[in-house]
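Accompanying notes for the structure given below.
Counting convention: from 1, in listed order, for ligands and their atoms alike. Quick caveat: nothing in here was measured; it's all calculated off a predicted structure.
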Amino acid sequence: MRKIAVLTSGGDAPGMNAAIRAVTRYAIYKGLEVYGIERGYTGLINCEIRQLDRRSVSDIVQRGGTILKTSRSEEFQHVEYQKIAADNLEAYGIEGVVVIGGDGSYRGAKDLSDNCGIVTVGVPGTIDNDLAYTDYTLGFDTAVNTALSAINNLRDTMTSHERVCIVEVMGRKCGDIALYAGLCGGAEVILVPEVKSDISQVARSIAINKRKGKSSDIIVLAEGFCRAGDLKEQLRANGINSSIKTTELGYIQRGGAPTMQDRVLAAQFGVRAVDVLIEGKGSRVVGIRNNAIIDMDTTEALAIPRKFNQDLYNCANILGQ
Ligand code: F6P
């Protein structure tokens with residue numbers, strides 16, 4: 001393999017830039033030419049391809065977002081557009097592509113490999129931490145720390161006013177951002193899609209907390225459980241009369257400088273991804289398991305069912321009382 005490309009796809013995540021930098025510099029070190037594809041699969045279809053050198057990726061290791069831009073492409077689900085993309089790669093002599101993104105992006109990479117013979121490797125880049133084959137995805141640690149910083153601020157003001165606060169965090173169908181931010185922020189209640197929770201029971205525990213002398217309650221709510229406004233209504237319907245405030249953290253969680261952990265992961269994932277492309281085996285993904293960097297077949301990786309960390313959830317609930 002002489003020429004490879006890198007793209008970012010789906011929701012951006014802090015650490016994507018650090019991964020682009022790692023892929024580019026390590027590939028050049030290994031004697032490869034590197035190309036950046038702009039706007040994910042949309043840019044691949046539209047042939048938005050430019051060569052990257054060491055200087056193209058200067059001053060980005062610390063930046064959130066992605067210098068390559070990103071998109072969610074409907075078109076790329078169709079084989080005729082995958083063929084156009086493959087023709088564009090062929091025109092540049094590019095044989096392998098690093099795809100930084102989440103599960104939807106991985107499915108695109110697998111299609112590109114299965115239907116068009118392009119070697120692909122996926123780097124897990126999503127704040128959601130919803131890929132079962134890897135313990136952590138790029139951007140998750142930063143997003144949790146951003147949420148945590150907001151929860152710390154909210155605690156100050158909620159305690160002063162003796163209020164209840166619902167903090168809604170992202171994560172799609174995955175409750176990991178809520179779990180880790182809730183545990184570390186000392187939340188009284190954590191609601192995640194993986195665990196059935198009875199709202200009348202939540203209301204009861206808030207009433208008990210008040211009697212116990214707690215001066216504020218923080219409820220960390222994963223967006224996959226329900227929306228903050230709906231939960232507020234339900235708590236009211238279950239007799240909570242004290243002041244309830246809602247804060248939806250939204251896209252604030254997706255931006256910002258990557259943490260040390262995300263930058264280290266970006267470096268390790270980027271290097272392994274280039275090595276995997278050089279080996280030239282179909283469609284693979286890289287990840288981290290038990291502190292070791294791994295790679296595996298994309299289909300196998302996507303077939304692994306996600307397992308929620310129930311023990312950590314139980315621990316957070318006990319410590320938050
Ligand atoms: O997958 C990352 C994520 O931020 C999710 O947590 C969230 O549900 C979704 O993307 C939001 O997507 P969009 O940027 O399309 O609004």
> Considering only the protein, which heavy-atom contact is closest to atom 3 (C) of ligand 1, and what is its distance?
Replying inline: Arg254 NH1, 3.5 Å

>> Among all protein heavy atoms in this structure, tell me which lies nearest to atom 12 (O) of ligand 1, with the distance rounded to 0.1 Å.
In response: Arg72 NH2, 2.9 Å

> Can you check ring pair (Phe, Tyr, Trp, His ring centres under 6.0 Å) on Tyr41 and Tyr81, steps first, answer last?
Replying inline: CA-CA 9 Å; Tyr41 292 118; Tyr81 286 100; over 10 Å; no

> Which atoms of ligand 1 are found less than 4.0 Å from any heavy atom of Glu223?
Replying inline: 5 (C), 6 (O), 7 (C), 8 (O)

> For atom 2 (C) of ligand 1, what is the nearest protein heavy atom, given as residue, atom name and distance?
Replying inline: Asp128 OD2, 3.3 Å

> Regarding Thr137 and Thr126, is there a side-chain donor-to-acceptor distance under 3.5 Å anywhere?
Replying inline: no

> What atoms in ligand 1 come closer than 4.0 Å to a heavy atom of Tyr251?
Replying inline: 13 (P), 14 (O), 16 (O)

> Can you name the side-chain contact (heavy atoms from CB on, under 4.5 Å) partners of Thr70, sequence neighbours left out?
Replying inline: Thr8, Asp12, Thr66

> How does Gln253 reach ligand 1, if at all, at less than 4.0 Å between non-hydrogen atoms: by side chain, backbone, both, or neither?
Replying inline: neither

> Side chains of Asn145 and Thr142: is there a donor and an acceptor less than 3.5 Å apart?
Replying inline: no

> Do other residues, nucleotides or ligands put more than 12 heavy atoms under 6.0 Å from the CG atom of Leu312?
Replying inline: yes

Pair up each side-chain donor or acceptor in residues 98-108 with any protein partner under 3.5 Å, not counting sequence neighbours, and list the distances.
residue	atom	partner	partner atom	Å
Asp103	OD2	Arg107	NH2	3.2
Ser105	OG	Ser9	O	3.4
Ser105	OG	Ser9	OG	2.8
Tyr106	OH	Tyr133	OH	2.7

>> Only heavy atoms of Gly171, strictly under 4.0 Å: list the atoms of ligand 1 that pass.
In response: 6 (O)

